[in-house]
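Just follow the structure's listing: the first ligand is 1, and inside any ligand the first atom is 1. Here, residue 1 is the first one in the sequence, and each next residue gets the next number. All heavy atoms count here, side chains included; hydrogens, waters and symmetry mates do not.
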Amino acid sequence: MAERKARITVLVSGGGTNLQAILDAQKSGKIKSGEVSLVLSNKADAYALERAKNAGVSTAVILKKDYPGAKEFEKAIIETIDNNNTDLIVLAGFMVILSEEFTRHFEGRIINVHPSLIPSFCGEGFYGLRVHEAALAKGVKVTGATVHFVNEIPDGGKIIMQKAVEVLDGDSPEVLQKRVMEQAEWQILPAAVEKVCSEIIK
Ligand code: GAR
């Protein structure tokens, strides 16, 4: 009998390079305890959706403007995730802050990748390029990425994996972002997904 794999829903808003790293790791066998069964986006034009389709993975788009308020929008996301019989939710560049109701509903089953060494440059307002702008403004010489469980505090849940990356003289936010993705995020996110999935299916 084939071994059970954890069912993963990946939540995205943008380019989806972290989603791609997960899909590639699945293909190469680095992720063997889970499989991405749904990619859900809050942006209709997210390139991440193309990446999902190219890999033959189902997609869903849920737009905030289609709902009367944040609560109803989130409820639609929860229902879609539940209907997919999701074991693990991966936030991969998902630019929506989730309520306590959401994080409670999926307690211990949501992980996020953040482009800094938490607790530096994290929490509300720190996302995407802004994180790297803040790191450069502070003049840190080392930054990196963190994968952590998600709870009701933005970027506040238990840390699963971290990897440090050097900041070099003359870095722009874009150059630093690319280095952090290549050297840290795309490495530790798939590794953390495999680790958590292997614990889920035990
Ligand atoms: C990544 O750098 C991710 O760490 C960051 O957004 C980018 C998404 O890129 N997430 C956050 O800042 C969350 N606070 P991607 O769509 O190419 O994976």
Check your understanding: Hey, does Val90 have a side-chain heavy atom less than 4.5 Å from the side chain of Thr9?
Key ->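 Result no, sub-4.5 Å side-chain heavy-atom pair not found.
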Check ligand 1 against [X] and write out every atom of the ligand that is under 4.0 Å from a heavy-atom position of the residue.
X	result
Gly93	6 (O), 8 (C)
Met181	1 (C), 2 (O), 9 (O), 17 (O)
Phe126	14 (N)

Review point. Any ion pair linking Lys178 and Glu182 (charged N to carboxylate O, less than 4.0 Å)?
Key: yes
Check your understanding: Can a salt bridge be assigned to the pair Asp171 and Arg179 using a cut-off of 4.0 Å between side-chain N and carboxylate O?
Key -> yes
Rounded to the nearest 0.5 Å, what's the gap from [atom1] on [X] to [atom2] on [Y]? Could you check?
X	Y	atom1	atom2	value
Leu91	His148	CG	NE2	8.0 Å
Ser58	Lys53	OG	NZ	11.0 Å
Ser13	Leu49	OG	CG	10.0 Å

Heavy atom of the protein closest to [atom] (residue, atom name, distance):
atom	value
atom 14 (N) of ligand 1	His114 ND1, 3.3 Å
atom 3 (C) of ligand 1	Glu185 OE1, 3.2 Å
atom 12 (O) of ligand 1	Gly128 N, 2.8 Å

Check your understanding: Measuring from the heavy atoms of Met95, does anything fall under 4.0 Å of ligand 1?
Key ->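 Yes, Met95 has a heavy atom closer than 4.0 Å to ligand 1.
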Review point. Hey, is Gly16 one of the residues with a heavy atom under 4.0 angstrom from ligand 1?
Key: yes
Review point. Does any N/O atom on Gln177 come nearer than 3.5 Å to any N/O atom on ligand 1?
Key: no
Practice item. Examine Asn18 against ligand 1 and note whether any of their N/O atoms are separated by less than 3.5 Å. Key: yes
Check your understanding: In chain order, what residues pass the side chain to side chain contact (heavy atoms under 4.5 Å, CB included) check against Arg51, with sequence neighbours excluded?
Key -> Thr17, Leu19, Gln20, Tyr47
